[in-house]
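Please read the structure below before turning to the comments.
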Amino acid sequence: MALSALFALLSVFMMIRRLVFPRVLELTEDTILFPHGFPRTRITRILYEEIISLRDSALGSTLLALVRKEYES
């Protein structure tokens with residue numbers, strides 16, 4: 001009984017987290033805003049001109065592979 005209550009509480013917590021902190025890939029005019037990280041979501045800005053290769057492959061779920069060039073300061 002206690003174990004099922006723990007799983008129920010955990011699932012409610014995860015659903016609330018998804019509603020409060022959505023993780024959505026956003027496309028703007030010149031960048032891709034890529035959310036990543038757990039438990040705190042961080043956003044990485046990727047300029048379109050940095051992208052070398054892009055591949056979309058799905059085996060039961062959505063997977064996006066992106067290769068970008070390094071910045072040289």
Side-chain angles (χ1 to χ4, degrees):
M1 177 72 173
L3 188 58
S4 62
L6 178 68
F7 283 124
L9 184 64
L10 183 62
S11 65
V12 168
F13 173 73
M14 295 300 283
M15 287 185 340
I16 291 172
R17 182 182 172 273
R18 285 288 178 202
L19 292 174
V20 174
F21 304 110
R23 295 174 51 130
V24 178
L25 183 68
E26 188 175 337
L27 305 176
T28 64
E29 287 186 27
D30 59 344
T31 60
I32 295 175
L33 301 176
F34 180 69
H36 61 93
F38 182 82
R40 193 179 70 117
T41 302
R42 293 175 298 280
I43 304 293
T44 299
R45 298 176 65 90
I46 303 172
L47 295 172
Y48 290 132
E49 61 193 36
E50 294 177 356
I51 298 173
I52 296 172
S53 173
L54 185 65
R55 181 178 43 164
D56 181 21
S57 59
L59 297 173
S61 65
T62 303
L63 174 67
L64 179 68
L66 182 120
V67 178
R68 65 187 270 203
K69 58 185 168 185
E70 297 281 329
Y71 271 127
E72 292 185 22
S73 301

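With side-chain heavy atoms closer than 4.5 Å counting as contact, directly or through intermediates, Leu9 stands alone and belongs to no larger hydrophobic cluster. Within the hydrophobic cluster formed by Ile, Leu, Val, Met, Phe, Trp and Tyr side chains joined at under 4.5 Å, directly or through other members, Val24 stands alone, with no partner residue.
With sequence neighbours excluded, the residues satisfying side-chain contact (heavy atoms from CB on, under 4.5 Å) with Leu3 are Leu6, Phe7. With sequence neighbours excluded, the residues that form a side-chain contact (heavy atoms from CB on, under 4.5 Å) with Ile16 are Val12, Val20. Taking Thr28 as the reference, Glu26, Asp30, Thr31, Leu33 meet the side-chain contact (heavy atoms from CB on, under 4.5 Å) condition, with sequence neighbours excluded.
Atom CG of residue Leu25 and atom CD1 of residue Ile43 lie 9.5 Å apart, to the nearest 0.5 angstrom.
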